[in-house]
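Model, not experiment: these values are computed from the prediction.
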Amino acid sequence: MEDHSRAGQDEPRHPIAVVAERTGLSQDILRVWERRYTAVRPSRGSGGQRLYSDSDVERLSLLHAATRAGRSISSVVGLSTEAIAALVGDDIAARERRPAAAPPMADAPDIIGSALVLARRLDSAGLDDLLRRSAVGMGMLPFIETVVVPLLRRVGDEWHAGVMTIAQEHLISSLLNDIVAERIRSFAAHSAAPRILITTPAGERHAIGALLVGVAAAIEGWNVLDLGVDLPADEIADAAISADVRLVAISVVFVEHRHGVLAELSRLRSRLPHTVSILVGGAGAAALAPELSAIGITVQSTIHGLIAELRRAREMSA
């Protein structure tokens with residue numbers, strides 16, 4: 001790959017805040033693109049702060065434009081700046097030639113209502129199409145926060161009330177699992193990125209909570225090790241140590257045997273070095289928060305809180 005940032009050593013240098021403002025990229029994304037993909041190689045000032053050239057700013061702006069058009073960063077970052085500019089020009093020309101835009105995406109409550117109707121009909125194709133279009137149109141994290149989490153809550157409530165059958169619940173869960181797992185796999189592993197292990201404890205067979213953590217982690221630049229569901233604490237600990245993970249994320253949806261779940265998580269904490277953080281989320285996690293916090297396990301139940309924990313853990317592992 002070309003050393004793009006060395007072409008203009010005499011150009012003015014810009015701190016990361018200026019580059020974020022000029023390119024429209026967040027400082028977090030700029031750091032991820034530098035560490036994970038070597039999008040540019042900024043210099044360092046006397047205080048260690050990143051300093052970017054005009055060439056860096058131009059290249060990052062073009063990469064941003066290319067990814068907004070639907071291209072993955074991994075597919076374009078190895079190209080020369082001139083080649084990226086040509087692609088961006090092609091994308092702009094294609095947008096100008098396309099037909100009039102489709103009607104705007106429905107609001108999240110309407111999507112949830114439609115999904116429940118389709119699930120009651122066991123309309124697998126229609127439900128899959130609705131969920132996939134919503135994920136693409138909204139972006140994965142907004143889709144998770146405004147559609148997936150409320151939808152799963154509604155499904156659980158309706159199942160407990162006897163309004164929804166097991167088959168209907170399984171249809172929604174299965175399709176969401178597929179969509180989220182595919183999104184995780186779309187991120188190429190990077191040797192320099194920290195690793196996160198996602199799973200559920202022994203007796204917990206609902207995978208979606210762990211997968212939601214996994215896709216958020218992948219978007220944040222982590223390498224994701226997905227071990228599925230229903231793993232004993234010793235198996236989780238052995239895998240985490242063997243794979244040199246920095247964070248273990250556990251999903252707990254239903255707590256049928258409180259003492260058993262707490263014993264498993266306590267055993268996991270005792271088996272792992274304190275350099276490995278443990279994060280527990282899911283609908284059943286909040287009730288366990290006091291006991292888990294007391295043994296050094298973090299409980300997080302919101303997407304925003306999860307993202308904050310992922311960023312904090314990544315900074316600590318850098």
Side-chain angles (χ1 to χ4, degrees), residues 24-33 36-37 39 63-77 102 104-112 114-115 118 127-155 172-190 193-199 206-226 228 247 249 251 253 279 281-283 300-311 313-314:
L25 293 163
S26 71
Q27 294 188 31
D28 290 324
I29 291 295
L30 287 169
R31 294 187 186 99
V32 169
W33 282 10
R36 186 167 186 174
Y37 300 106
L63 287 170
H64 191 196
T67 56
R68 285 202 311 270
R71 303 180 188 276
S72 67
I73 182 63
S74 60
S75 71
V76 294
V77 74
M105 173 77 58
D107 292 335
D110 294 332
I111 295 170
I112 293 169
S114 297
L118 292 166
L127 180 57
D128 185 66
D129 179 66
L130 171 67
L131 294 174
R132 288 182 184 277
R133 284 190 294 105
S134 300
V136 170
M138 301 176 73
M140 201 63 194
L141 289 181
F143 173 67
I144 290 171
E145 184 173 18
T146 64
V147 174
V148 176
V149 173
L151 175 58
L152 291 173
R153 190 176 298 120
R154 283 282 301 276
V155 167
I172 290 178
S173 297
S174 175
L175 292 178
L176 286 174
N177 284 356
D178 288 346
I179 291 168
V180 177
E182 288 169 12
R183 188 71 175 96
I184 293 173
R185 288 193 293 270
S186 70
F187 287 84
H190 192 276
R195 303 190 79 184
I196 180 173
L197 184 157
I198 61 172
T199 188
H206 292 80
I208 187 63
L211 290 173
L212 295 181
V213 176
V215 75
I219 291 170
E220 286 294 310
W222 290 73
N223 285 334
V224 179
L225 176 61
D226 177 10
L247 178 61
S251 175
V253 176
L279 177 65
Q300 188 52 253
S301 58
T302 68
I303 293 296
H304 291 301
L306 169 63
I307 295 296
E309 288 295 332
L310 288 168
R311 291 176 180 175
R314 175 154 189 160

Visitor: Taking the side chain as C-beta and beyond, is there a heavy-atom pair between Leu212 and Leu306 under 4.5 Å?
Guide: no
Visitor: Sequence neighbours left out, what passes side chain to side chain contact (heavy atoms under 4.5 Å, CB included) with Ala249? Give chain and number order.
Guide: Ile196, Ile198, Val213
Visitor: Quick one: list whatever passes side-chain hydrogen bond (donor to acceptor under 3.5 Å, both in side chains) with Arg154, sequence neighbours left out.
Guide: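 By the side-chain hydrogen bond (donor to acceptor under 3.5 Å, both in side chains) rule, Arg154 matches Glu158.
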Visitor: Which residues pass the salt bridge (charged side-chain N to carboxylate O under 4.0 Å, His left out) test with Asp226, sequence neighbours left out?
Guide: none
Visitor: My understanding is that only residues two or more places apart in sequence, or in another chain, count here; which of them pass side-chain hydrogen bond (donor to acceptor under 3.5 Å, both in side chains) with Ser75?
Guide: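 Counting only residues at least two positions away or on another chain, Ser75 forms a side-chain hydrogen bond (donor to acceptor under 3.5 Å, both in side chains) with Ser72.
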Visitor: Once side-chain hydrogen bond (donor to acceptor under 3.5 Å, both in side chains) is applied, do any residues pair with Ser173, and if so which ones, sequence neighbours excluded?
Guide: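 Only Glu169 meet the side-chain hydrogen bond (donor to acceptor under 3.5 Å, both in side chains) criterion with Ser173.
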Visitor: Scan residues 24-33 for pairs that pass salt bridge (charged side-chain N to carboxylate O under 4.0 Å, His left out), counting only residues two or more places apart or in two chains.
Guide: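 Output for this query lists Asp28-Arg31, Asp28-Arg311.
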Visitor: Test of understanding: with ring pair (Phe, Tyr, Trp, His ring centres under 6.0 Å), list the residues that count as partners of His64, not counting sequence neighbours.
Guide: none
Visitor: Is any NZ, NE, NH1 or NH2 atom of the basic residue among Arg36 and Glu220 found under 4.0 Å from an Asp or Glu carboxylate oxygen of the other?
Guide: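 Answer for the salt bridge query: no.
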Visitor: Among all residues two or more places apart in sequence or in another chain, which pass the side chain to side chain contact (heavy atoms under 4.5 Å, CB included) test with Ser251?
Guide: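 With neighbours one apart ignored, the set is Thr200, Ala210, Val253.
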Visitor: Nearest 0.5 Å, please: how far is CG in Leu176 from CG in Asp128?
Guide: 9.5 Å
Visitor: List for me each residue that meets salt bridge (charged side-chain N to carboxylate O under 4.0 Å, His left out) alongside Arg71, sequence neighbours excluded, and say none if there are none.
Guide: Asp91
Visitor: Partners of Asp129 by side-chain hydrogen bond (donor to acceptor under 3.5 Å, both in side chains), sequence neighbours excluded?
Guide: Arg133
Visitor: Taking the side chain as C-beta and beyond, is there a heavy-atom pair between Leu118 and Ile172 under 4.5 Å?
Guide: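 Answer no - side chains too far apart.
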Visitor: Looking at every heavy atom in both Val77 and Ala39, which two are closest together, and how far apart are they?
Guide: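 Closest approach of Val77 to Ala39, heavy atoms only: CG2-CA, 3.6 Å.
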Visitor: Answer whether the closest heavy-atom distance between the side chains of Leu30 and Val32 falls below 4.5 Å.
Guide: no
Visitor: Show which side-chain atoms of residues 136-152 pair as donor or acceptor with protein atoms under 3.5 Å away, not counting sequence neighbours.
Guide:
from: Glu145; atom 1: OE2; to: His304; atom 2: NE2; distance (Å): 3.1
from: Thr146; atom 1: OG1; to: Pro142; atom 2: O; distance (Å): 2.7

Visitor: Begin from the C-alpha positions of Val215 and Val224 and carry the test side-chain contact (heavy atoms from CB on, under 4.5 Å) through to its verdict.
Guide: CA-CA 8 Å; Val215 75; Val224 179; over 6 Å; no
Visitor: So which atom in Tyr37 and which in Ser74 form the shortest heavy-atom distance, rounded to 0.1 Å?
Guide: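 Closest approach of Tyr37 to Ser74: CE2-CB, 3.9 Å.
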Visitor: Where do Ala193 and Gly221 come nearest, in terms of heavy atoms and distance?
Guide: CB-O, 3.2 Å
Visitor: So how far is it from Ile112 CD1 to Asp110 CG, rounded to the nearest 0.5 Å?
Guide: 9.5 Å
Visitor: To the nearest 0.5 Å, what is the distance between CD1 (Ile184) and CD1 (Ile179)?
Guide: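 Taking CD1 in Ile184 and CD1 in Ile179, the distance rounds to 12.5 Å.
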Visitor: Kindly write out the residues that satisfy side chain to side chain contact (heavy atoms under 4.5 Å, CB included) with Ile29, not counting sequence neighbours, or none if the list is empty.
Guide: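 Once residues adjacent in sequence are excluded, the partners of Ile29 under the side chain to side chain contact (heavy atoms under 4.5 Å, CB included) criterion are Leu25, Ser26, Trp33.
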Visitor: Minimum heavy-atom separation for Leu310 and Trp222, please, with both atom names.
Guide: O-CZ2, 3.4 Å
